[in-house]
Amino acid sequence: MFLLDIRYDPKKSTITKWIKDGTGCKPVREVCHPKIYVSSTGKDKHELQHLISSLPGVRGTCIEKKRTWLGSEPEEVLCATMDAGSIHDTASMLEAKGCGLYNIDLDPVRQYLLECGLFPMARFKGDSLDDHQYALDYEVPELTSMRLSVTPSRDKGIATMDDTILRIALEDTIIEGEDEAQIIERLSGEIAVSDPDILFTDRGDSFDMPYLYHRAALHGIELQLGREKDILPDSCGRSYFSYGRMLYKPGGFTLAGRLHLDTSSFIFREGGLPGMIDLARITGIPMQELSRLSPGSAVTALQVNQALRDGVLVPWKRNLAEYWKTALELLIADRGALVIEPKVGLHENVSEIDFASLFPNIMVNHNISPETVLCSCCPDSSHRVPFVHYNICQRHTGLIPRVLTPLIERRVEYKKRIATDPARAEEYEMKQNMLKWLLVTSFGYMGFNKARFGRIECHESITAYGREILLLTMEMADRMGFEILHGIVDCLWVKGHGAERLCELMTRKTGIQLELKGEFRWLVFLPNKSNGAGALNRYYGVMNNGKLKVRGIEMRRSDTPRVIRDLQEAMLGKLAQAKNASEFRMKIPETIGVLREHARKLLAGECIPADLVFETHVSRGSDDYKQFNNQAAALRQYLHEGIKIQPGQSIRYIITDHSSKRYQKRVKIPELADETTVYDRAKYYEYLLRAAESILLPFGYTERRLDELVKGKVQENLCKYMVTDNF
DNA sequence: ACGGCACGGGG
DNA sequence: GTGTACGTGCCGT
């Protein structure tokens, strides 16, 4: 028997556990009230307890000994068992009275699991747990799954909620017909009969699910896709700022007793089902919630779980959004990682070397955690952070290292098994990849002003150690006769032979694995187009195994139309045939030929609309754009069709007349395009030249020269002359 | 010239 | 329920 899913109903204060065994999946319910904690800070404890006991929604109170911050001694605090619906009002009132409040926004499901020592996908024997949360070898239930997708009639070209359902595909079954109500009823029937554990969709929360329930409601049908009456999301989604840009998260259509998983969600894409199950087990986050989260939330969950197990309460962070760094703080934070400007141009015999999980390893090796950096118990410690000279606790291992150490070890073990257990290599690869992402995000969280267990001094300390390690590596490389071409954060590009030796030496010296990522037959670092200096993260090259590595240029961007991507791929394809630098130079004229052919096709109007589409995420609503750009024009066009795009959602458009100030003329939404739609050839040609320039700029080819070459004003042999002269 | 707007990286 | 900051290119005013 396995714990497939678990959810909380705040109205009825009940936990429902969905237990799967050989015969099916059944709900087991129990009443459960979440707990909150209150510290009295100077007031009389018993008077406060008396007051809280009398508040509405409070089921009971008691006094417990807990730590109110990492590393502090346990003290007496009040614990109130609550109706979930009353928590926020009660907390606000007590906060206004000057009380400290804890565990306020802890999900009741996670509280419950932690208290019972349970976790998603855990195995039972009878009534008792027969599993271990952090086990590496565990049994996974045999899960049955079906893929669901809905096709709307697209009456206006673009899919809308007003379209009738054209067709529903449920795994191999196609449901279609004249009568929409019948289609919906048949879907319900098919799912009830097949009774799958998982329903896979492609972005089902964004379209398929809300659309299906909306159509069902129009016919007065109460659609049920879960194993019990569905609970629909009460909000239709929200936009939020993350990763430096606006994102949009639709309301989650999670089902009762059946897992609705989106195959294009980040966690599924990166970890697949094995990675997601592994992560659900160790974080204690149920599969359906987990599939809708970012790895940062998984990291937070691990930290919160560890803190709670240590008897530490989680402070309520209620004004999370209203905090901006001051200029001084920004100055401090700015002393980030080390960057060496790349040497622009073509290079041979280059090795890329890179420290594995540098920042997580630094946090573990140097015990970096909010309560250990600048701790008050060892102010005179000789263990100091380089450059900033903070003292670090020598007596206690911090929360962050205690969370990270098992993750690092788990990943190392999975990586080992990829090699030793080829039959399950793919599964272990997905699991280790998922863990890699947790490690990557664990660093950024330290400097994140909204993180529960973040602290800017930790962030600074980590980058300080990072700088020291990279500087040491550069010194060693220099002494061994390598030329340093470029370096960034945890990675160096060095010119010379025998980089393995350098890796071995530095691994031994730092205790962190320095890996030889690859040796390049040749490598081109590209200049910044505005000032000509070496651009960080813009380069391409061919490794010894023949694989092309490309970073930063147009073809790597998600908003680049296919025509541009195709051009760059074709040009680089030619260059990739070169075995060394001199062959590379000989290949350049061929890339001009490639450009000429692509340009001819484009200017002749032979490109198909699908290849011309720009797809971007909008950061604001249609009215909030200060400038009339392509995005604003496309948004207006969507709105004209009755479609409201939320900030963070993506739009698609083709440029039809880039200089036009009229939104209907400037761009065209591809679904609305017809035979009369004509793309802006001059503009796309300009983009084509720029994309070619991105690749060839170090060799003297500017956009203008490329234009002349394409149009045939300059002879090709002249450009050959230029090339050989360039080095 | 300068501000507005969007996207990247990792293995 | 939520990673930062920054580099880069291109566009509009």
Side-chain angles (χ1 to χ4, degrees), chain A residues 105 107 235 237-247 249 251-252 270 289 292-301 317 320-321 325 329-337 339 341 354 356-359 411 415 418 429-430 432-452 454 456 459-460 462-463 488-491 515 517-518 526-531 533-538 549 551-554 556-560 614-620 624-632 648 650-651 655 658-659 661 683 686-687 690-691 693-694:
Chain A
D105 36 18
D107 177 28
S235 67
R238 71 203 169 80
S239 301
Y240 62 96
F241 195 74
S242 148
Y243 232 108
R245 76 180 54 128
M246 248 7 239
L247 295 178
K249 180 170 179 166
E270 294 297 324
E289 278 76 45
R292 289 162 174 79
L293 295 178
S294 70
S297 316
V299 171
T300 306
K317 289 237 189 173
L320 293 180
K325 282 198 174 101
E329 284 174 308
L330 270 176
L331 193 74
I332 293 167
D334 200 30
R335 291 204 256 147
V339 174
E341 190 186 303
D354 166 336
S357 296
L358 177 66
F359 287 166
R411 178 160 181 247
K415 282 177 86 167
I418 292 171
E429 170 56 34
M430 289 191 267
Q432 80 80 18
N433 194 45
M434 200 65 258
L435 294 172
K436 182 206 75 191
W437 278 105
L438 292 200
L439 295 175
V440 167
T441 33
S442 64
F443 159 70
Y445 249 65
M446 300 263 33
F448 177 36
N449 58 24
K450 294 169 210 165
R452 283 175 195 286
I456 194 69
H459 197 274
E460 275 184 274
I462 297 161
T463 54
I488 186 161
V489 188
D490 56 357
C491 195
E515 293 172 346
K517 283 302 204 225
L526 294 166
N528 179 321
K529 278 190 179 179
S530 44
N531 63 19
L536 319 171
N537 297 332
R538 276 171 78 83
K549 182 164 182 176
R551 289 296 179 267
I553 63 173
E554 289 82 349
R556 294 284 300 180
R557 295 175 62 112
S558 63
D559 59 348
T560 300
F614 286 85
E615 182 163 354
T616 74
H617 295 260
V618 293
S619 59
R620 58 206 69 204
D624 303 325
Y625 275 85
K626 293 183 181 164
Q627 316 227 42
F628 181 69
N629 56 19
N630 292 337
Q631 287 93 312
S650 68
I651 57 166
I655 301 176
H658 195 258
S659 59
K661 293 272 173 280
K683 194 64 197 173
E686 192 183 318
Y687 284 132
R690 278 185 200 158
E693 187 198 61
S694 287

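So you know, we letter chains A, B, ... as the sequences are listed, proteins then strands, and number each from 1.
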Task: For A:Glu289, all residues meeting salt bridge (Lys or Arg N to Asp or Glu O under 4.0 Å), sequence neighbours excluded - done: none
Open item on the list: Please enumerate all residues that pass salt bridge (Lys or Arg N to Asp or Glu O under 4.0 Å) together with A:Arg557, with sequence neighbours excluded.
Closed with: A:Asp559
Open item on the list: Would you measure the distance from the C1' atom in B:dG9 across to the matching atom in C:dG7 and give it in whole Å?
Closed with: 12 Å
Task: Atom pair distance, as rounded to whole Å: NZ in A:Lys415 and C1' in B:dG10 - done: 11 Å
TODO: Tell me, please, which residues at least two apart from A:Lys415 pass salt bridge (Lys or Arg N to Asp or Glu O under 4.0 Å).
DONE: none
TODO: Please list every stem that involves DNA chain B, where a stem is a run of 3 or more consecutive Watson-Crick or G-U wobble pairs with both pairing distances under 3.5 Å.
DONE: B:1-8 with C:6-13
Task: d(NE2, A:His459; C1', C:dA5) in whole Å - done: 8 Å
Task: Spacing between A:Asn433 atom CG and B:dG9 atom C1', to the nearest angstrom - done: 14 Å
Task: Nearest-angstrom distance from the residue atom NZ of A:Lys517 to P of B:dG10 - done: 10 Å
Task: From B:dG9, C:dT13, B:dG11, nucleotide with atom closest to A:Lys436 side chain - done: B:dG11
Open item on the list: Atom NZ of residue position A:Lys549 - does it have more than 12 heavy atoms of other residues, nucleotides or ligands inside 6.0 Å?
Closed with: yes
Open item on the list: Restricting to salt bridge (Lys or Arg N to Asp or Glu O under 4.0 Å), what partner residues turn up for A:Arg620, sequence neighbours left out?
Closed with: none
Open item on the list: Nearest to the A:Glu686 side chain among C:dC11, B:dA6, C:dT13, which nucleotide is it?
Closed with: C:dC11
Open item on the list: Expressed as a whole number of angstroms, how long is the span from A:Leu526:CG to B:dG8:C1'?
Closed with: 15 Å
Task: Candidate nucleotides B:dG11, C:dT2, B:dC5, ranked by approach to the side chain of A:Ser294 - the nearest - done: C:dT2
Each nucleotide N or O in nucleotides 7-10 of chain C that has a protein N or O under 3.5 Å away: list the pair and distance.
unit_1: C:dT8; atom_1: OP1; unit_2: A:Leu536; atom_2: N; d: 2.7
unit_1: C:dT8; atom_1: OP2; unit_2: A:Asn528; atom_2: ND2; d: 3.2
unit_1: C:dG9; atom_1: OP1; unit_2: A:Lys529; atom_2: N; d: 2.7
unit_1: C:dG9; atom_1: OP2; unit_2: A:Asn528; atom_2: OD1; d: 2.6
unit_1: C:dG9; atom_1: OP2; unit_2: A:Lys529; atom_2: N; d: 3.0

Task: Phosphate OP1/OP2 of B:dG3: any A:Gln627 side-chain N/O under 4.0 Å - done: no
Open item on the list: Run the side chain to side chain donor-acceptor pair (under 3.5 Å) test on A:Ser694 and A:Lys529 for me, step by step, so that the C-alpha distance in whole Å, both residues' side-chain angles and the decisive distance to 0.1 Å come before the verdict.
Closed with: CA-CA 8 Å; A:Ser694 287; A:Lys529 278 190 179 179; 2.9 Å; yes
